[in-house]
Amino acid sequence: MSDADKKSGNADAELIASVWAEARSLMARLEGSSVQRLAVAAGGTSIEIERDPAAVPAAAPPVDLPISRRGSGVMPTIGAGSLGGARDAAAPTGRQAITAPLVGTFYRSSSPGSDAFVEVGDVIEAGQAVGIVEAMKLMNEVQATTSGKIVKIVAENGQAVEYEQLLMHIEPVDDE
Amino acid sequence: MSDADKKSGNADAELIASVWAEARSLMARLEGSSVQRLAVAAGGTSIEIERDPAAVPAAAPPVDLPISRRGSGVMPTIGAGSLGGARDAAAPTGRQAITAPLVGTFYRSSSPGSDAFVEVGDVIEAGQAVGIVEAMKLMNEVQATTSGKIVKIVAENGQAVEYEQLLMHIEPVDDE
Amino acid sequence: MFDKVLIANRGEIALRVARACRELGIKTVAVYSTADAESAVVRFADEAVHIGPANAARSYLHIPNLIGAALNTGAQAIHPGYGFLSEDPYFAEICADSDLTFIGPTPEVMEKVGDKATARDLMSRAGLPLLPGTIEPVGTSDEAQAIADEIGYPVIIKAVAGGGGRGMSVVWSHAALAGLYTQTRATAQAIFKNSGVYIERYLPAPRHTEVQIVCDGHGSGVYLGERDCSVQRRHQKLIEEAPSIHLTEDARRDIGEKAVAGALSVGYTGAGTMEFLLDADGSLYFMEMNARIQVEHPVSEMVTSVDLIQEQLRVASGEKLSVTQDDVTLRGHAIECRVNAEDPERNFAPAAGRLDTYVAPGGPWTRVDSHCYAGWTIAPYYDSLIAKLIVWAPDRLAAIERMERALSEFQIEGRGVKTTIPFHLRVLAHERFRSGDVTTGFIEEFMAEEAAAAVADAS
Amino acid sequence: MFDKVLIANRGEIALRVARACRELGIKTVAVYSTADAESAVVRFADEAVHIGPANAARSYLHIPNLIGAALNTGAQAIHPGYGFLSEDPYFAEICADSDLTFIGPTPEVMEKVGDKATARDLMSRAGLPLLPGTIEPVGTSDEAQAIADEIGYPVIIKAVAGGGGRGMSVVWSHAALAGLYTQTRATAQAIFKNSGVYIERYLPAPRHTEVQIVCDGHGSGVYLGERDCSVQRRHQKLIEEAPSIHLTEDARRDIGEKAVAGALSVGYTGAGTMEFLLDADGSLYFMEMNARIQVEHPVSEMVTSVDLIQEQLRVASGEKLSVTQDDVTLRGHAIECRVNAEDPERNFAPAAGRLDTYVAPGGPWTRVDSHCYAGWTIAPYYDSLIAKLIVWAPDRLAAIERMERALSEFQIEGRGVKTTIPFHLRVLAHERFRSGDVTTGFIEEFMAEEAAAAVADAS
């Protein structure tokens with residue numbers, strides 16, 4: 001490489017210090033501004049600042065859900081319609097999702113005609129069966145991961161479900 | 001690599017400082033404007049600013065400045081090294097670039113052996129010839145676009161030049 | 001072979017030429033206007049020279065700057081691509097004067113085949129069939145009337161210097177001739193500064209069929225089969241394919257041999273295309289010759305396995321063709337869709353802008369010739385072609401299916417950017433296109449059909 | 001033909017299969033682990049089912065979820081791709097039990113050809129040449145010694161259940177045999193839970209040569225020429241090409257016919273590959289059979305014009321092959337470079353991450369099979385193959401030049417992301433590779449040479 005790389009450490013140190021100073025000052029300046037991203041490069045130095053979109057005033061931040069499927073697909077997929085679980089799981093009320101542990105068919109009761117494992121309003125214990133997912137003729141119990149009250153049952157009896165598909169919502173009971 | 005790498009650390013520091021100054025001033029200028037994204041690159045320097053779309057008033061067209069060469073090329077090009085003109089043109093001192101109006105060979109004098117059109121330190125008038133660019137055996141006069149003092153001659157006699165390549169710098173004379 | 005070639009063009013064809021040069025071990029010089037400083041060919045080439053502002057008249061068409069760039073970089077030859085200066089004999093002459101090889105025919109030959117009347121006269125003598133009509137310009141209204149009466153109606157009056165569908169009038173009856181004759185001459189004078197017109201039989205439903213040839217400087221020439229380019233909108237080709245399913249093997253050989261003979265008879269060198277109209281009865285009529293590589297050359301490459309750009313470079317450097325006619329065998333079927341940055345919903349208005357997303361299709365027998373990439377800004381200054389998507393398959397129907405698959409995975413997005421992809425998909429799905437029964441009027445009829453369906457839906 | 005097929009795989013091969021399905025009018029169901037929710041095949045497919053977490057054991061290898069996904073979506077068949085469950089007879093059996101067509105041979109055939117000793121025995125009976133040595137596992141050290149003495153040294157001891165270069169020992173002398181025999185058995189037991197080993201002649205400098213076949217369920221089979229895959233690093237193929245320049249036309253026909261006869265003799269259906277070692281004297285020795293599509297299948301496709309995935313789908317659905325042996329003619333030369341997210345400077349350590357830039361090469365005879373796009377995150381959970389770059393040209397040297405051109409325009413960038421592209425470029429530039437004189441030891445020697453040069457440079 002060239003002489004430029006070998007120039008005195010002093011000059012380098014100065015340069016580096018000044019770039020840091022500049023970066024700090026830029027950061028301060030950006031607070032309250034509408035700038036979302038800034039990149040400056042000059043003579044081998046560069047500063048790049050990207051801000052939290054939410055911190056930018058008036059901006060409606062784009063929400064990225066944990067499992068996102070940003071409509072980029074050329075073709076619709078069943079996944080697209082069935083990923084509600086993750087979104088609802090994030091709801092702030094303490095409500096939690098019970099999801100399918102595997103791919104198969106969801107049943108609310110252990111056999112046709114028998115009572116459902118749970119109904120809306122039931123208060124249950126962690127580990128209690130809330131349904132089954134049948135796969136390859138094997139019945140797999142779906143268990144509640146937490147204690148609480150069933151507030152909503154989303155999946156229907158006999159419905160095909162994929163991995164982690166939302167089945168029902170459970171909410172902690174306050175006075176427990 | 002080129003002479004550019006070997007120039008004094010001072011010049012680098014100056015350049016960097018001026019780019020930062022430019023970046024700050026641009027940021028201030030952008031507030032309230034309709035610009036959403038701005039990218040300027042010249043020589044090895046570049047500034048890129050992206051603003052919160054929500055802060056941009058109404059239907060703001062994205063502004064893309066004409067010249068940008070963000071060193072993204074897989075292969076080096078002669079263009080990459082020879083766009084100094086634009087950089088210096090942007091310098092805040094009032095210094096202006098005189099660039100090649102076409103592709104060809106730059107000559108400082110009208111014939112071998114005769115005096116150069118201009119030398120550093122000469123004070124000249126707008127429209128005065130400062131050199132010629134030969135293309136297809138035709139001599140094309142390069143004229144100063146502004147009056148002032150020649151402060152630096154960058155292109156050498158007999159050098160191949162491309163469109164808008166920096167030839168020399170001219171600076172307004174204060175008491176004019 | 002050359003050591004270094006300057007590419008006097010932009011966009012996909014500049015990149016296509018640069019790729020061929022690299023594959024042959026030739027160094028490349030790209031040239032660019034200010035608007036193209038970040039272009040794919042500038043990134044790809046070994047060197048790049050800034051030749052002027054966005055305005056093509058001051059950059060890609062500015063001969064002194066191109067010659068200067070070639071001399072400054074030590075290039076030995078200039079490849080003109082298509083469009084711009086590719087068929088300009090004056091440019092070819094200046095290249096020669098500057099000791100630069102122009103990659104194409106000589107200026108003299110280019111001049112001859114560039115003039116339609118001269119080209120038709122020469123090719124007719126070489127055995128190529130012409131439409132009944134005149135070759136020489138028709139001098140008076142009376143003369144025009146007599147000729148038209150003899151040919152039989154409908155006839156078409158065309159400007160000698162015309163092109164791109166301008167300066168032409170179809171005449172359906174004796175009564176209408178005199179008026180349209182006068183009018184077409186006036187139009188020709190206004191547009192082309194040349195009032196000369198000629199008259200020939202008008203085919204109401206022809207197929208645009210063109211034969212690809214390449215000739216070297218040693219007296220050899222080959223034909224590489226033909227292309228069907230009948231899918232046109234206002235004389236702009238949209239979809240091209242090879243081979244034409246409407247030619248028999250015998251007809252293909254016959255017209256191919258005549259095309260090569262015609263080209264060799266005028267001393268043609270390099271790649272060239274003979275355009276024909278194919279009538280419903282199987283007759284082919286020579287229309288004109290294009291003395292350059294064409295946009296749609298890849299479909300011929302896919303079915304013949306011959307690299308046309310490499311052949312151009314070879315013969316321009318004085319080498320012989322790398323193939324003989326016996327080596328050229330057709331295999332399978334190839335289709336090209338031109339993806340333009342245009343909005344089909346708004347009458348194909350240019351819809352340029354910055355590409356936020358650009359994901360080209362891939363996979364088997366899928367070729368994309370494009371200069372685009374995510375982050376590239378399609379400028380409004382130049383033509384709207386942003387990608388050529390070419391597929392190959394063993395037969396035409398399989399090629400259509402593959403094209404549909406490939407188009408369906410093409411992602412081009414950006415503020416203000418629209419493309420012809422949805423339009424292509426609708427054309428490919430149309431029964432008439434799938435059957436192959438397409439003439440040059442097909443797209444107008446297709447669009448009228450769509451418009452009528454839209455009206456019916458709305459009511 | 002099927003109406004709907006589930007693709008039990010990920011990455012480039014899942015997309016490859018989905019493309020073939022779309023081209024045949026078959027609806028596709030993609031499956032994906034949580035890490036692959038944004039994958040190209042999920043975007044491309046008609047439907048997609050979430051089958052488990054990133055860990056492949058709980059997603060791509062989790063049979064109940066795959067079967068459940070197929071039943072839930074009404075798919076009629078499952079394409080296993082390569083790797084994962086593609087050679088698992090148990091999976092094929094469960095598919096059959098669930099009335100799903102497994103796209104591959106029957107479980108019984110898969111089981112037979114999957115066991116190396118059985119496969120060698122069967123293929124030997126069908127006329128395929130074996131290396132001198134045993135077919136059956138060798139039971140005792142004394143027996144091993146006797147056999148080795150008879151074959152002559154060097155010999156190689158290999159685990160019956162081995163693969164990927166593990167569980168093998170080369171023995172150069174009588175004295176070393178007993179010790180290495182015991183040791184290899186122990187290793188085999190530890191890795192493969194099967195201590196069986198066999199012994200055969202060791203070829204110090206073989207070329208990995210494999211024959212592609214496809215058989216339908218109507219008793220027909222064709223061979224599609226061979227591939228040379230000698231450019232390997234630790235038994236991982238890096239560059240593959242077709243045809244091998246070391247086989248004569250006669251040898252090609254002979255081994256091809258024997259490969260088809262061998263496959264048909266065991267009732268093989270679908271696409272499969274017979275692996276051979278090619279000795280310096282031109283002898284071919286059968287090593288094993290792979291009962292699936294292979295990563296490098298595109299090079300065979302490019303020189304034969306046959307779409308192997310489409311043929312797999314055809315024969316699995318009960319149709320006949322679309323080609324006969326006479327239809328299969330070789331044309332030109334094809335090369336594939338595997339672009340892996342690995343850092344060649346750090347001993348090919350995985351170098352995964354988010355792709356900020358992904359610009360695939362394009363242009364003539366350049367094929368990219370890849371699931372990547374700008375914004376995609378290469379996950380560390382799966383294999384490091386991110387793109388297969390395949391080029392075709394009329395001859396091998398032109399193919400190398402084209403590959404160099406295509407690699408030079410491949411842009412893959414991201415924090416932490418490194419690829420094998422620079423390594424490929426150095427291999428392609430090496431005189432020995434260009435001459436074609438490459439054996440399976442080439443890459444080790446190449447790397448040693450580079451290391452030596454680096455040491456010399458530093459001193």
Side-chain angles (χ1 to χ4, degrees), chain A residues 1 37 39 46 48 50 62 64-87 89-90 97 99-107 131-142 145 154-167, chain D residues 4 6 8 15 18-19 21-22 27-55 58-60 62-75 90-91 93-95 97-100 356 373-377 415:
Chain A
M1 269 291 260
R37 189 176 159 275
S46 67
E48 218 176 312
E50 215 161 329
D64 246 344
L65 298 178
I67 303 171
S68 65
R69 300 182 46 86
R70 266 160 289 200
S72 40
V74 174
M75 290 289 161
T77 66
I78 42 168
S82 53
L83 281 161
R87 176 178 7 185
T99 64
L102 77 173
V103 182
T105 308
F106 173 68
Y107 292 108
I132 51 177
V133 173
E134 186 235 303
M136 288 172 63
K137 289 160 201 149
L138 292 176
M139 301 298 163
N140 304 275
E141 232 177 48
V142 183
T145 45
V154 177
E156 282 171 36
N157 194 52
Q159 185 181 328
V161 293
E162 63 180 354
Y163 177 69
E164 283 193 342
Q165 182 165 340
L166 176 67
L167 303 176
Chain D
K4 193 188 273 193
L6 180 137
L15 187 57
R19 283 169 169 157
C21 288
R22 171 93 29 103
K27 289 207 162 43
T28 49
V29 181
V31 297
Y32 62 96
S33 75
T34 306
D36 285 333
E38 292 279 343
S39 76
V41 72
V42 168
R43 292 173 175 211
F44 180 85
D46 297 301
E47 295 174 63
V49 180
H50 189 193
I51 52 158
N55 180 357
R58 293 182 54 206
S59 49
Y60 299 108
H62 191 58
I63 295 176
N65 281 1
L66 291 166
I67 300 288
L71 296 177
N72 281 358
T73 55
Y90 174 64
F91 179 55
E93 214 174 298
I94 291 177
C95 286
D97 289 349
S98 310
D99 285 328
L100 294 164
D356 297 324
Y373 57 86
W376 170 245
T377 298
R415 187 186 294 252

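Protein chains get the first letters and strands the later ones, always in sequence-line order, with residue 1 at the start of each.
The residue among D/A30, D/P64, D/S98 with the most heavy atom pairs within less than 4.5 Å of chain A is D/P64. The most heavy-atom pairs under 4.5 Å with chain A, out of D/A40, D/G68, D/A69, D/G52, come from D/G52.
Between D/N72 and A/G104, the closest heavy-atom pair is ND2-O, 3.0 Å. The two residues A/Y163 and D/I51 make their nearest non-hydrogen contact at CB-C, 3.6 Å.
Here the NE2 atom belonging to D/H62 is positioned 5.5 Å from the CG atom belonging to A/L102, to the nearest 0.5 angstrom. The CD atom of A/E162 sits 10.5 Å away from atom CG of D/N65, with the distance rounded to the nearest 0.5 Å. From A/Q165, atom CD reaches atom NE2 of D/H50 across 11.0 Å, with rounding to the nearest 0.5 Å.
Contact of A/V161 with chain D is made through the backbone alone, with heavy-atom distances under 4.5 Å. Of the two parts of D/I63, the backbone and the side chain both hold a non-hydrogen atom closer than 4.5 Å to a non-hydrogen atom of chain A.
Applying side chain to side chain contact (heavy atoms under 4.5 Å, CB included) to A/M136 and the options D/L71, D/L66, D/I94 leaves one that passes, D/I94.
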